[in-house]
Structure formats: structure tokens, C-alpha cells
Amino acid sequence: MRNLTMMTDLYQLTMMDGYFLQGKAKETAVFDVFFRQKDTINYAVFAGLDQAIDYVKELHFSNEDIEYLSSLNIFHREFLDYLSTFRFTGDMYSVCEGDIVYPQEPIIVVKAPLIEAQLIETALLNIISHQTLIATKSARIVDAARGKSVVEFGLRRAQGPDAGIYGARAAMIGGCNGTSNVLTGQMFDIPVKGTHSHSWVMSFDSELEAFRAFAKVYPDTCLLLVDTYDTVQGIKNAITVFDELKAQGHKPVGIRLDSGDLAYLSKLARKMLDKAGFTDAVVMASGDIDEYLLESLNSQGAKIDLYGVGTKLITSEDTPSLGGVYKLSAIERNGKLMPRMKISDSIVKVTNPGFKKLYRIYDKESGMAVADLIALDGETFDKPLTLTHETERWKTTTLTDYTIRPMLCKIFDAGKCVYDRPSLARIVEFSKREKAKFWDEYKRIDNPQIYKVNLSDKLYELKHSILKAHR
């Protein structure tokens with residue numbers, strides 16, 4: 001595990017210095033991590049908790065860190081002395097990795113001494129926002145693939161080593177079946193998959209010679225890239241090699257298309273392979289694929305069995321930022337937590353006050369998700385339960401036969417990690433199960449049905465009492 005304590009913005013440290021000198025360091029504070037509405041994200045798949053736990057567990061300032069901070073001539077000596085023994089001693093709650101989450105919902109809640117809670121803002125947002133973004137993009141792409149396997153191929157286009165490593169892990173949480181990233185495979189026991197590149201073909205005197213050489217080395221896992229020169233001739237050359245493999249008692253895997261009209265070429269390839277007797281050979285497609293292209297390929301009847309998705313997945317090209325935020329929601333005063341709230345002319349930037357919990361409500365008969373409820377800590381709910389839209393108050397839903405799941409698990413208790421960290425395989429399976437509990441209308445790529453995220457009556461009343469007081 002790496003010590004990322006110094007991976008923070010300068011203003012976190014200057015505020016901490018100020019809190020320390022003002023005698024506010026030990027005041028208990030509550031901060032919420034959430035994300036704001038995005039036009040290209042109708043839901044998100046939460047990821048990054050495992051790395052966030054490692055970050056918090058390793059929080060400490062080394063002698064070299066203290067020396068560097070001292071050299072900036074910004075910080076007071078007594079504050080730097082305090083940092084030499086700094087550790088996280090607070091509580092942290094989080095939704096589980098792989099859970100489906102929505103804008104404005106508290107996906108991580110930090111309850112800790114103010115000075116400690118302030119420090120971890122930058123790193124938490126960095127870790128959680130990136131991995132949630134990639135897991136979400138992966139989920140959208142997997143949805144659009146309509147049951148076909150998707151492999152993450154993006155390492156060379158990722159924005160740095162960490163983005164490649166943890167982005168591939170997040171892609172698995174979002175639903176990918178494997179990755180080309182060998183280090184991620186080693187670190188997290190993820191299936192690693194790949195074929196060969198154009199350079200393999202170009203290093204031989206002919207495409208047919210290149211295919212034969214590859215088949216000789218990998219006779220039982222032979223998947224050939226057929227578009228280095230002429231795609232149709234490439235398919236014919238692949239079939240020639242497949243016939244030779246078959247005669248030797250081997251079963252070829254298939255071909256890969258990396259360019260051109262994927263709908264037309266995949267249908268042509270399928271016809272040629274079937275005619276040659278290779279009905280089990282797969283047609284794989286790679287290139288600049290995303291959920292929108294997949295929707296188009298589906299509508300055109302493309303005959304593609306497997307997708308390798310790179311750049312547009314690992315960079316979340318159309319949505320490069322999740323819009324994650326970390327806001328103070330309560331502060332200790334005379335031994336009591338007092339609600340705090342960010343007020344803005346922009347409705348989306350008005351926050352929800354208080355120490356809160358998050359619940360998911362399911363229809364008892366179907367098991368499908370009905371709504372999420374953000375409530376104040378300690379609230380209980382009776383049947384029937386009436387949910388009211390926060391701004392359009394005439395919109396109500398009354399639930400009588402339902403189950404309710406608390407979504408926030410305790411991760412740290414007084415600085416100690418108390419969470420039973422699941423394996424990546426368990427996270428992937430959990431995410432798959434939970435995602436299946438949402439109707440397809442909520443997961444639609446374009447114009448999705450809006451999923452209900454409501455405030456409890458008590459939270460609504462608290463929020464609007466604070467707004468009224470600030471008029």
C-alpha cells in the first residue's frame with residue numbers, strides 16, 4: 001500500500017492549520033460525498049472504496065513530508081508538530097462497491113474531527129470519482145452489448161498508470177468480462193485476454209505467413225486480426241489457417257475486426273465462416289466502440305460475438321468528470337451536531353443538511369427497486385410509506401408492501417477499519433445482482449425513466465427551515 005497522505009490540495013492543509021490555531025481541530029464534523037446530475041449519466045455504479053480504505057488506513061505524515069511542508073514557510077510550527085503524529089480517528093460510512101447510485105445521494109459519509117475530515121476530501125474525490133466514472137461507463141457499454149461479452153482494452157490510452165490499473169478494475173465492476181491489462185489481472189485476479197496486433201502481421205512477408213505462425217504458437221487459442229491490409233482477404237486467409245488447424249485436431253477461436261464498417265464486415269465474416277464450416281468461430285470487434293455505436297450496430301443486425309472496448313471506456317470520453325463533491329453537512333456545537341447546508345442560486349448546488357442515512361426500497365413481490373430515500377440519522381419508517389417529490393410536491397407515491405435496505409455500511413469506527421472487504425469477484429456478482437433489480441427503462445441510454453430519489457419528510461422540513469432562515 002502506498003502512502004498518499006500528501007496527495008491533497010494546498011488549501012486543505014492551510015484550512016487545517018487554521019482549524020488547529022482556532023481551537024477547532026477536535027470539533028466533530030460530518031461531510032458527504034455525492035455527485036451532481038450529468039446529462040450523460042442516468043445512474044452510476046459505485047467503485048473505488050477498496051483503494052479509499054487503503055488510503056485512509058495509511059494516513060500519516062513522514063519526516064520528509066513535514067520537512068517539505070516546513071520549507072514552504074506557510075505553516076505554523078505547532079501545527080507541523082501536530083502533523084507528525086496525525087492519524088485518522090473518525091468514522092466513515094459508504095455504500096458497497098458495485099451498488100447503483102444516483103445524483104445527490106450520500107455515497108460516503110465521514111464523521112470525524114474537523115481537521116481529519118478536511119484532509120481526506122481531495123484524495124477521496126480523486127479515487128471515488130474516477131473509478132465510479134469508469135465503472136459507470138463500463139456498465140452502459142455492457143448494457144448496450146445486449147449480453148455479448150465485453151473486454152476492457154484501454155490501458156495504452158488511459159491517462160496514466162493508475163488510471164489504467166484501477167480503471168480496468170472498475171470496468172470489471174461495471175460488467176466487463178476481462179482486461180488486456182496484465183498488471184491489473186495479477187493484482188486483482190482478473191481474467192486477462194488479448195489477440196495480436198497489426199505489427200505481428202506486418203513483421204512477416206505476408207499475412208498468410210503471419211497467421212500460420214501465430215496458429216503454430218497458439219493452436220488452441222487462435223484468434224486472428226484480419227484487417228491489417230484487406231479485410232475480406234484477411235478473412236479468407238484466416239479460414240485457410242483454420243482449415244489447417246482443424247486438420248491437425250485443433251479448434252480455432254475466431255477473428256477480430258478493428259476498423260471499417262463493423263456492421264457490414266461482421267455480417268460478411270459470419271457468412272464466410274459459416275460457409276466454411278466454422279459456425280462456432282467468434283467474430284470479435286474492437287476500435288473506437290462505445291454504447292452509442294453498440295446501439296447502432298444492434299439496430300443494423302451486426303453479427304458480433306465479443307467486443308474489445310478501449311479508449312472510450314477507459315477515458316469515459318463523453319463524460320470526463322463525474323462531478324463528485326464533498327460537502328460539510330453538520331458540525332459540533334456544545335456537544336451536539338448542528339446541521340449545515342450550502343445555499344446557492346443554482347438548485348443543483350443546494351446541499352442536504354444533517355447526518356444522514358440512505359435507503360433503497362424494493363417492491364416485495366417483484367424484488368425490483370422502487371425508490372431511494374435520503375433520511376436523517378435515527379429515523380424509522382412505518383407502512384404505508386408515502387414518498388413526496390422534493391420540488392414538485394403534488395407528486396406522491398404510497399408504498400404498502402415493500403422491503404427496505406440501508407445502503408450505508410460502516411467502514412471505519414474510531415479510526416479502525418471494521419468492514420469485511422469483499423473480493424473483486426464478490427463485488428462483481430453483487431453489482432450484477434443489484435443492477436438486475438432495476439427495470440430496463442431506468443437504464444436506457446437515451447431518455448431514461450427518472451428513478452425516484454426522495455428526501456424523508458423530516459429532512460425536507462429541516463432543509464426548508466434552513467432556507468427560510470437565510471432569506
Side-chain angles (χ1 to χ4, degrees), residues 32-47 93-109 132 135-136 139-140 142-143 173-175 347-348 352 354-409 427-464:
D32 298 337
V33 175
F34 59 94
F35 67 97
R36 296 186 176 123
Q37 186 70 49
K38 290 275 187 178
D39 291 338
T40 53
I41 296 179
N42 50 313
Y43 68 90
V45 179
F46 178 71
Y93 305 81
S94 175
V95 300
C96 298
E97 280 200 277
D99 232 334
I100 306 301
V101 291
Y102 288 88
Q104 307 301 324
E105 295 185 338
I107 53 180
I108 291 181
V109 175
T132 299
T136 303
R140 288 166 61 87
V142 169
D143 275 351
I173 294 173
I347 293 177
V348 73
N352 293 316
F355 182 31
K356 298 176 291 297
K357 300 295 184 183
L358 177 64
Y359 300 91
R360 178 149 295 153
I361 304 169
Y362 303 87
D363 175 70
K364 194 169 185 178
E365 182 178 354
S366 67
M368 302 298 281
V370 176
D372 288 0
L373 184 64
I374 308 171
L376 294 170
D377 182 49
E379 284 195 67
T380 58
F381 309 101
D382 298 319
K383 295 182 180 181
L385 174 63
T386 298
L387 304 176
T388 306
H389 193 285
E390 182 182 355
T391 56
E392 300 168 9
R393 302 298 287 172
W394 65 90
K395 293 183 179 180
T396 62
T397 301
T398 298
L399 306 173
T400 55
D401 198 18
Y402 64 87
T403 60
I404 189 166
R405 174 170 70 95
M407 294 183 65
L408 291 168
C409 304
I427 293 169
V428 169
E429 185 57 35
F430 167 76
S431 187
K432 184 178 180 179
R433 287 198 314 271
E434 284 305 309
K435 192 176 175 184
K437 294 176 183 177
F438 286 81
W439 298 110
D440 289 342
E441 290 81 355
Y442 295 126
K443 297 177 285 187
R444 199 163 48 214
I445 300 300
D446 291 316
N447 301 314
Q449 175 70 13
I450 302 302
Y451 181 74
K452 296 180 179 66
V453 177
N454 294 90
L455 306 184
S456 70
D457 289 342
K458 288 184 178 179
L459 178 55
Y460 175 85
E461 291 164 4
L462 173 63
K463 184 173 185 176
H464 284 268

Approximate separation, where rounding is to 0.5 Å, of [X] [atom1] and [Y] [atom2]:
X      : Y      : atom1 : atom2 : value
Lys356 : Leu455 : NZ    : CG    : 9.5 Å
Leu385 : Asn454 : CG    : CG    : 9.0 Å
Arg36  : Phe34  : CZ    : CZ    : 5.5 Å
Leu408 : Ile107 : CG    : CD1   : 9.5 Å
Thr391 : Tyr460 : OG1   : OH    : 8.5 Å
Ile173 : Glu429 : CD1   : CD    : 13.5 Å

**Report entry** Partners meeting ring-ring contact (aromatic ring centres under 6.0 Å, His included) with Tyr451 (sequence neighbours left out)
**Finding:**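 Tyr451: ring-ring contact (aromatic ring centres under 6.0 Å, His included) contacts with Tyr102, Phe438, Tyr442.
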Query raised in the report: Closest heavy-atom contact between Ser94 and Ile108?
Result: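 Smallest heavy-atom distance, with atoms named: OG-CG1, 3.7 Å.
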Report task. Mind listing the closest non-hydrogen atom pair of Cys96 and Phe46 along with its distance? Result ->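 Answer, listing the atom of Cys96 first, then Phe46: O-CD2, 3.5 Å.
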Query - Salt-bridge contact Glu434-Lys437 (side-chain N to carboxylate O under 4.0 Å) - result: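 Between Lys437 and Glu434 there is a salt bridge, with a charged N closer than 4.0 Å to a carboxylate O.
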Report task. Answer yes when Arg140 and Asp143 have at least one side-chain N-carboxylate O distance shorter than 4.0 Å, and no when they do not. Result ->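 Judged by the 4.0 Å cut-off on N to carboxylate O distance, Arg140 and Asp143 do not form a salt bridge.
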Report task. For the pair Lys383 (side chain) and Tyr402 (backbone), establish whether a donor and an acceptor sit closer than 3.5 Å, ignoring hydrogens and angles. Result ->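 Yes, the answer is positive, given that a donor and an acceptor are paired below the 3.5 Å cut-off.
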Query raised in the report: Would you find a donor on one side and an acceptor on the other, under 3.5 Å apart, between the side chain of Thr136 and the backbone of Thr132?
Result: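 At least one qualifying donor-acceptor pair exists.
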Which pairs, with at least one residue in [range] and sequence neighbours excluded, count as a salt bridge (Lys or Arg N to Asp or Glu O under 4.0 Å)?
range            : result
residues 95-104  : Glu97-Arg169, Asp99-Arg360, Asp99-Arg405
residues 445-460 : none
residues 384-393 : Glu390-Lys463, Glu392-Lys395

Report task. Tell me yes or no: between the side chains of Thr386 and Thr398, is some donor less than 3.5 Å from an acceptor? Result ->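 Result is yes, a qualifying pair exists.
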Just list the side-chain donor-acceptor pairs under 3.5 Å for residues 374-381, sequence neighbours left out, or say none.
| unit_1 | atom_1 | unit_2 | atom_2 | d |
| --- | --- | --- | --- | --- |
| Glu379 | OE1 | Ser456 | OG | 3.3 |
| Glu379 | OE2 | Leu376 | N | 2.8 |
| Glu379 | OE2 | Ser456 | OG | 2.6 |

Requested in this report: Check side-chain contact (heavy atoms from CB on, under 4.5 Å) between Thr400 and all other residues, then give those that pass, not counting sequence neighbours.
Outcome: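 side-chain contact (heavy atoms from CB on, under 4.5 Å) check on Thr400 returns Pro384.
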Report task. Using the six-membered ring of Tyr43, assess whether NZ or CZ of Lys435 lies under 6.0 Å from its centre and within 45 degrees of the ring axis. Result ->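 No, Lys435 does not lie over the aromatic ring of Tyr43.
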Query - Asp440, CG atom: more than 12 neighbouring heavy atoms under 6.0 Å - result: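 Atom CG in Asp440 is not crowded, with 12 or fewer foreign heavy atoms closer than 6.0 Å.
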